[in-house]
Amino acid sequence: MTPQFAPGAMAGLRVIDLTRVLGGPYCTQILADHGADVIKVEPPAGDEVRDWGPPFHDEDAAYFVGINRNKRSIGLDLASEGGRVVLLKMLETADVLIENFKPGTLEKWGIGSDVLREKFPKLVHCRICGFGADGPRGGNPGYDAIIQAMTGMIAATGSPESGPMRIGVPLVDITTGLYAAIGILMALSERQRSGLGQFLEVTLYETGLAIMHPHTANYFMHGKPPSLTGNEHPNLVPYAIFPTRTDDIFIGVGNDGTFRKLAKEIGRPELGTDPRFARNRDRVANREALRAELAAVFSQFEAEPLCDRLLAAGLPAGPVQKIDQALTNPHTLHRGDVIEKDWYKGVASPIRLERTKPSLRATPPKFSQHAAEVLGEFGYSATEIEALQAAGTVCTQRKR
């Protein structure tokens, strides 16, 4: 990332962010990294992931810190009429409203999507929720691991020895945030033609189903649920972890020509023409025999030099690294993938536009750190701000 804060691609976009936990904040950090003015509106108790530690910086958990940079925070009691008045004032100049309340909550408060559409016809209103507002599970809460369980993800992850396993990163939450960002950008693009905003809903459940490739495609084709294959691919062989003399490596082969090239590079060209392994369908049918052949070869090499040589030859191979190794890897450092400001350190935006670059302008905010600043921008006087704080409508400290 460049240290100069040139306007990002989203500069001039104002986002009112009512989300908490992961999917919503992950979405709005994407927009904020690229220049959007994201105002994080927190409930009186604050975003609960501020407490999801240790580790902590001051009183904020790393979980919160990792997904809330480049934002401003205001504590606002939206359950109060006064809080909703402030929110509506903020929406007068907003482009995007994103929230992850249980469906029906805004309607109960008198500010549902129909009201917002009438008052703010250009507003893009995004809701992230578990299952959507309708259907047998409409309105039910959603949690990453539960959605992994319900969409077949856990049943397809793990080995026969381990049994079904949760994926070790909150993949559903994070991907829901990515889909929300894409949906918001689509709605903003369409607004340029129509002049109108619109409501969009992104659910964890649909996200979980959407990312189950190739398992859903395989099931639609042959009607069989996936079996537990551990680190191996259901459709490609070899595509797995192999031990070497030093560390484990991962080998992934996508076509027959690549396999023949791999066989030649490791000194076993005959494997590429062996009738058991010549085509991918043959390798799938004989995966255990091929695994034994390759394991015997790889055990003679050291991981890093072997992967370097295979990658240089255009072959898909990589050492299995721990997170500390990945974050200090020479390529990571060369690409500027770790960014720092004051006490903060994080992973840079992977979206690298040529002219409108992302930037790290502000560390993650303390709770309601920018309340007076934000309210002043919306026309509130110092006296009015003090009155809102005295009434508890605007919170300066978390109510635990």
Side-chain angles (χ1 to χ4, degrees), residues 21-23 26-27 49 52 62-63 66-67 128-132 137 140-180 182 202-244 247-254 280-281 283-288 290-292 294-295 298 303 307 316-327 347 350:
V21 190
L22 180 50
Y26 192 86
C27 166
V49 299
W52 285 16
Y63 201 108
I67 50 175
I128 293 176
C129 58
F131 295 89
R137 298 196 181 278
N140 286 176
Y143 303 92
D144 181 277
I146 308 307
I147 302 299
Q148 284 195 34
M150 294 178 69
T151 58
M153 207 170 294
I154 287 179
T157 304
S159 67
E161 295 74 27
S162 71
M165 296 189 71
R166 177 183 70 87
I167 295 173
V169 294
L171 185 63
V172 174
D173 276 336
I174 288 173
T175 310
T176 301
L178 289 169
Y179 278 137
I182 293 168
V202 185
T203 76
L204 275 68
Y205 186 72
E206 268 100 31
T207 294
L209 291 174
I211 62 177
M212 277 295 290
H213 185 80
H215 301 299
T216 49
N218 289 345
Y219 177 77
F220 288 141
M221 186 71 69
H222 60 41
K224 301 175 185 177
S227 58
L228 293 175
T229 58
N231 291 306
E232 300 205 14
H233 199 288
N235 297 67
L236 296 174
V237 175
Y239 200 99
I241 289 178
F242 292 89
T244 71
D247 298 300
D248 290 342
I249 61 172
F250 202 103
I251 299 291
V253 170
N280 184 67
R281 65 180 60 188
R283 295 192 295 276
V284 170
N286 297 286
R287 68 169 70 226
E288 293 304 323
L290 180 57
R291 166 172 275 283
L294 293 177
F298 292 139
C307 288
V320 178
Q321 298 184 136
K322 295 181 180 178
I323 190 67
D324 57 332
Q325 295 172 301
L327 292 174
V347 175

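In this text the structure is predicted, and so the values were computed from the model without any measurement.
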Query raised in the report: Angle class for the Y63/W52 ring planes (parallel below 30°, perpendicular above 60°, tilted otherwise)?
Result: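 Perpendicular.
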Non-hydrogen atoms of [X] and [Y] that approach each other most closely:
{"X": "R137", "Y": "F131", "result": "O-CB, 3.4 Å"}
{"X": "R287", "Y": "P234", "result": "NH2-O, 3.8 Å"}
{"X": "A156", "Y": "P226", "result": "CB-CG, 3.7 Å"}
{"X": "P238", "Y": "L290", "result": "CD-CD2, 4.0 Å"}
{"X": "V253", "Y": "R283", "result": "CG1-NH2, 4.4 Å"}
{"X": "M212", "Y": "G152", "result": "CE-O, 3.4 Å"}

Working to the nearest 0.5 Å, report the span between [atom1] of [X] and [atom2] of [Y].
{"X": "T244", "Y": "I249", "atom1": "OG1", "atom2": "CD1", "answer": "6.0 Å"}
{"X": "K322", "Y": "D247", "atom1": "NZ", "atom2": "CG", "answer": "9.0 Å"}
{"X": "I182", "Y": "C27", "atom1": "CD1", "atom2": "SG", "answer": "9.5 Å"}
{"X": "L209", "Y": "L204", "atom1": "CG", "atom2": "CG", "answer": "11.0 Å"}
{"X": "H213", "Y": "N218", "atom1": "NE2", "atom2": "CG", "answer": "7.5 Å"}
{"X": "T203", "Y": "I147", "atom1": "OG1", "atom2": "CD1", "answer": "7.5 Å"}

**Report entry** M165/L228 under side-chain contact (heavy atoms from CB on, under 4.5 Å): CA gap, chis, key distance, verdict
**Finding:** CA-CA 10 Å; M165 296 189 71; L228 293 175; over 6 Å; no
Query raised in the report: Would you say V49 and L22 make side-chain contact, with heavy atoms under 4.5 Å?
Result: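 A side-chain contact is absent here, since even the closest heavy-atom pair is not under 4.5 Å.
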Query raised in the report: Are Y239 and F250 near enough that their ring centres are under 6.0 Å apart?
Result: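 Ring centroids of Y239 and F250 are less than 6.0 Å from each other.
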Query raised in the report: Taking it one step at a time, do L294 and I251 satisfy side-chain contact (heavy atoms from CB on, under 4.5 Å)?
Result: CA-CA 10 Å; L294 293 177; I251 299 291; 5.8 Å; no
**Report entry** Donor-acceptor pair, side chain of N280 and main chain of N235, under 3.5 angstrom
**Finding:**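 Indeed, once roles are kept as given, a pair shorter than 3.5 Å links the two residues.
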Side chains of residues 169-179: which donor-acceptor pairs under 3.5 Å do they make with residues two or more places apart or in other chains?
residue : atom : partner : partner atom : Å
T175    : OG1  : L171    : O            : 2.7
T176    : OG1  : V172    : O            : 2.7
T176    : OG1  : T207    : OG1          : 3.3

